[in-house]
2 protein chains.
Amino acid sequence: MKPKITLKNIAKEFDVSISTVSKSLKNSHEISIDLKQKIQEYAKKHHYKPNSLAVRLQNQQTKTIGVVLPNIVHHFFSTVIQGIEEVTNQRGYNVMICLSNESYEKEVLNIEMFTSGSVDGLIVSISKETQKKNDYSHFNDLIEDDFPIVMFDRVNDKFECDKVIIDDVSGSINATNHLIEIGCKKIALITTPKHITVGTLRRRGYVKAIQNHGQEVDIDLIVEVDERENIKEQIEDLFDNETPDGIFAVNEVYAVSAMNVARERGFKIPEDISIIGFTDGPLSRLALPPLTTVVQHGYSMGKKTAELLINRIESKEEFKPQKVVLSTNLKIRKSTKSL
Amino acid sequence: MKPKITLKNIAKEFDVSISTVSKSLKNSHEISIDLKQKIQEYAKKHHYKPNSLAVRLQNQQTKTIGVVLPNIVHHFFSTVIQGIEEVTNQRGYNVMICLSNESYEKEVLNIEMFTSGSVDGLIVSISKETQKKNDYSHFNDLIEDDFPIVMFDRVNDKFECDKVIIDDVSGSINATNHLIEIGCKKIALITTPKHITVGTLRRRGYVKAIQNHGQEVDIDLIVEVDERENIKEQIEDLFDNETPDGIFAVNEVYAVSAMNVARERGFKIPEDISIIGFTDGPLSRLALPPLTTVVQHGYSMGKKTAELLINRIESKEEFKPQKVVLSTNLKIRKSTKSL
DNA sequence: TTTTTTTACTCAAACGTTTTCGTAAAAAAA
DNA sequence: TTTTTTTACGAAAACGTTTGAGTAAAAAAA
């Protein structure tokens, strides 16, 4: 690579001081028009770009916010990012994303690198491994130092920081209620193992809804999917032993998988079995029939998260962490019977 | 936020010089064990972290590479990132991702910010808008300055830089050939408008395959999907006028949409119509029947891309740009008739 | 003519590191 | 005892910027 051109280089070229060059490029009135022009031309010709590290070190702010995500395969996270970008760009910040890949170690590393001066604030959604290990020590220092940080979706209540979550419980109650209302008698739940927070919350909603209707929760109708194994087979096990007429699945993949299993076993959807998923992504929209689903509004979530963070970064006042709960709504499509 | 703790602070605390502190924290033999210990303890207690901006400015390298992507909703890009991360982490680099959201302006901005000292090298896949505008001036300076940059998937041949692409033409020929071999007589193509490079290349493969078999390309069997409008309706138009017995779609969404339209019109898949998509993502895998598809090996692509970049960054020798073409393979599932 | 103002610069500190070189004092060797 | 070596630290430059203060020289005002 060609050596980088710096103010010093240019200064030497014109036999002036570095500050003269700096001011020329900023079009300062302190410098004669003549010299300014020559310097600007030269700089342009040689592709001068101020070294952002130096600038940021000088200014003591980076105008950048870091985002640490478990993964970006999920459509939901993608939409959240859209929302984050919307707000940050509008307010003059850049966004940098790092992925933890659901790994504890990478999450720690990413946070380390971001918080050592590279960004003004941090947005985090916690990785599965971290949730499983239940080890959050890498956040402690940040919280103690009052580093601006906002958690979203996968949060931990231990921390005194801003949080944005969706109302998983209510969303799940609504979904389950809907299944009950349209006449489902045997409603299965397809969820995650217990250490995944959102899975647990959605399960809670399911249980509540069932109990509110005076029914008992039937353990045999609950599938806890272990993602390390074949998802479809685990759902087939359910159908081997039971014949549900309604399914509530805590994410898109589980919902579509369940729909496929049901259809393969000759169930007509929605005549024989109604299915509701969680998260409105392409899988749900392109399923046949399109899936009724709990819509999470990732975009709003991203916007809210970014707003909280930037407010926090820019405010001088005493900090009072808040928890924003976003409600969901049920998008009714063709995978559920109508009333 | 609490004031950041620096070497200077610590130095004042112990009434020693900054260099003593720096050396202590690096466990230098030049400092007495006693003092080192005290300083290290103090640093730990106060969460000292070296300011990475300062360190990187000093070292003149960031050990970070920037990735500019059009979007991350596509499963394909996600897998590419996995590959990139694999290699970069292994070789001691960090990855930062910025999204252009298919916007020309954001692409320019992202590249600006990355190349002004924040990263040692750049990986780029060009946005749709840039492709449409056909304006690549923001790359010119970089190429002239020999800034390490690798383009993947959506590349532009104008530039003298490393590139990694997949063999879209061959992949499409194979897919179309397969349809011909299993006996399809009227094979439709569902593709993008012409300014999207990959769409054009895949179309070329389709055309070649048809012609190689001595057939004429029937324009009425080609759908150019305009994504600003309803995708499904555009495919329905095809079925209104024609009754294809084979479909080659240039991406997952088009393939699944086509499958849904076909099924809604009473086609049995694959008995009445065979469908092949491009890119092996969750949509293809979870479709019913699962889609036969051209597998792109995003993971390998990411790995290769990162390798090229890091080699480039670390090599002192004369630079000779290369273009790596990755071949695809056809994953045959249930959406196509067997022979 | 002398004083004041303006113009067009330069100086130097600062941001937070790293690292080479220099040097007292203490310890070891002669 | 004197000389050499080792120990333990400090000074200062460097990375590339920004910016307020300082200053000659030129221009304008008195």
Side-chain angles (χ1 to χ4, degrees), chain A residues 1-40 42-43 46-64 112-113 115-120 145, chain B residues 1-40 42-43 46-64 112-113 115-120 145:
Chain A
M1 194 168 89
K2 281 196 194 156
K4 278 244 183 337
I5 186 159
T6 65
L7 292 184
K8 200 195 261 186
N9 294 334
I10 304 182
K12 202 178 290 169
E13 182 71 24
F14 287 87
D15 203 29
V16 294
S17 77
I18 292 178
S19 32
T20 303
V21 178
S22 174
K23 286 170 183 168
S24 295
L25 296 176
K26 291 200 133 60
N27 226 328
S28 159
H29 62 276
E30 289 181 45
I31 310 295
S32 69
I33 298 183
D34 204 44
L35 182 59
K36 270 198 289 195
Q37 253 172 8
K38 276 193 278 182
I39 289 182
Q40 286 171 7
Y42 183 89
H46 290 79
H47 313 145
Y48 171 77
K49 278 180 209 153
N51 181 313
S52 77
L53 294 181
V55 174
R56 284 147 69 183
L57 180 59
Q58 173 70 248
N59 297 344
Q60 289 294 87
Q61 58 165 335
T62 66
K63 283 286 177 186
T64 303
E112 283 272 314
M113 90 155 280
T115 54
S116 57
S118 320
V119 299
D120 295 339
D145 295 343
Chain B
M1 195 168 89
K2 280 196 194 155
K4 278 243 184 330
I5 186 158
T6 66
L7 292 183
K8 199 196 262 187
N9 294 335
I10 305 182
K12 202 177 290 167
E13 181 72 23
F14 287 87
D15 204 29
V16 295
S17 77
I18 293 178
S19 35
T20 302
V21 178
S22 175
K23 287 170 185 169
S24 296
L25 296 176
K26 291 199 132 59
N27 227 327
S28 160
H29 63 276
E30 289 182 43
I31 310 297
S32 68
I33 298 182
D34 204 44
L35 182 57
K36 271 198 286 194
Q37 251 172 10
K38 276 193 279 181
I39 290 181
Q40 286 172 7
Y42 183 90
H46 290 78
H47 313 146
Y48 171 78
K49 279 183 209 152
N51 181 313
S52 77
L53 293 181
V55 174
R56 285 146 68 183
L57 179 59
Q58 174 70 245
N59 297 345
Q60 289 296 84
Q61 59 166 334
T62 65
K63 282 286 176 185
T64 302
E112 283 273 312
M113 91 155 281
T115 54
S116 56
S118 320
V119 299
D120 295 338
D145 295 345

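Letters A, B, ... mirror the listed sequences (proteins, then strands); counts begin at 1. Treat the numbers as computed from the prediction; the structure is a model and nothing was measured.
- For Q37(A) and dA8(C), the CD to P distance is 13 Å, given to the nearest whole Å.
- Proximity of S19(A) to the phosphate of dA12(C): no side-chain N or O atom is located under 4.0 Å from OP1 or OP2.
- For the pair S118(A) and T64(A), the tightest heavy-atom approach, listed with the atom from each and the gap, is O-CB, 4.1 Å.
- The residue S32(B) sits close only to the backbone: its heavy atoms come under 4.0 Å of sugar-phosphate atoms, none of a base.
- With the nearest nucleotide of DNA chain C identified for both N59(A) and S17(A), S17(A) has the one nearer the 5' end.
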Item to check | Steps toward side chain to side chain contact (heavy atoms under 4.5 Å, CB included) verdict (Y42(B), I10(B)) | outcome: CA-CA 8 Å; Y42(B) 183 90; I10(B) 305 182; 4.0 Å; yes

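- What separates CD of E30(B) from C1' of dA24(C) is a distance of 15 Å, to the nearest Å.
- Using a 4.0 Å heavy-atom cutoff across all strands shown, T6(B) reaches sugar-phosphate atoms only and no base atom.
- In this structure, CG in L57(B) is found 11.5 Å from OG1 in T62(B), a value given to the nearest 0.5 Å.
- Pair assignment for dA25(C) gives dT6(D), based on Watson-Crick or G-U wobble hydrogen-bonding distances that are each under 3.5 Å.
- K36(A) comes within 4.0 angstrom of nothing in the nucleic acid, heavy atoms only.
- L35(A) comes within 4.0 angstrom of sugar-phosphate atoms only, judged by non-hydrogen atoms across all strands, and of no base.
- Y48(B) comes within 4.0 angstrom of sugar-phosphate atoms only, judged by non-hydrogen atoms across all strands, and of no base.
- Interface remark: the Q58(A) side chain does form a donor-acceptor pair with the dA14(C) base, using a distance-only criterion of under 3.5 Å.
- Distance L53(B) CG to dT17(C) C1': 11 Å, rounded to the nearest Å.
- For DNA chain D, the outermost nucleotides in 5' to 3' order that have an atom under 4.0 Å from a heavy atom of chain B are dA8(D) to dG16(D).
- Annotation for N27(A): atom CG counts as buried by contact number, over 12 foreign heavy atoms lying within 6.0 Å.
- Each of D15(A) and L57(A) was matched to the nucleotide of DNA chain C holding its nearest heavy atom; the match closer to the 5' end belongs to D15(A).
- Remark: dT17(D) base-pairs with dA14(C). Criterion, Watson-Crick or G-U wobble with two distances under 3.5 Å.
- We find that NZ of K23(B) is positioned 10 Å from C1' of dT18(C), with the value rounded to whole Å.
- Taking all atoms of both residues into account, the shortest heavy-atom contact from M1(B) to D145(A) is CG-O, 3.3 Å.
- Atom C1' of nucleotide dT18(C) and atom CD1 of I31(B) are separated by 13 Å, given to the nearest angstrom.
- Rounded to whole Å, the distance from CD1 on I18(A) to C1' on dA13(C) is 13 Å.
- A donor-acceptor pair under 3.5 Å links the side-chain atoms of S116(A) to the main chain of E112(A), judged by distance alone.
- Nucleotide dA30(D) forms a pair with dT1(C), judged by Watson-Crick or G-U wobble geometry with both contacts under 3.5 Å.
- For dT19(C), the paired nucleotide is dA12(D), the pair qualifying as Watson-Crick or G-U wobble because both relevant distances are below 3.5 Å.
- Remark: C1' of dC9(C) and CZ of F14(A) are 15 Å apart, rounded to the nearest angstrom.
- Whole-Å rounding puts the Q60(B) CD to dT17(C) C1' distance at 12 Å.
- Although no hydrogens or angles enter the test, the distance criterion places no donor-acceptor pair under 3.5 Å between the side chain of S24(A) and the main chain of I31(A).
- The minimum heavy-atom distance between P50(A) and V55(A), with the atom names listed, is CB-CG2, 4.1 Å.
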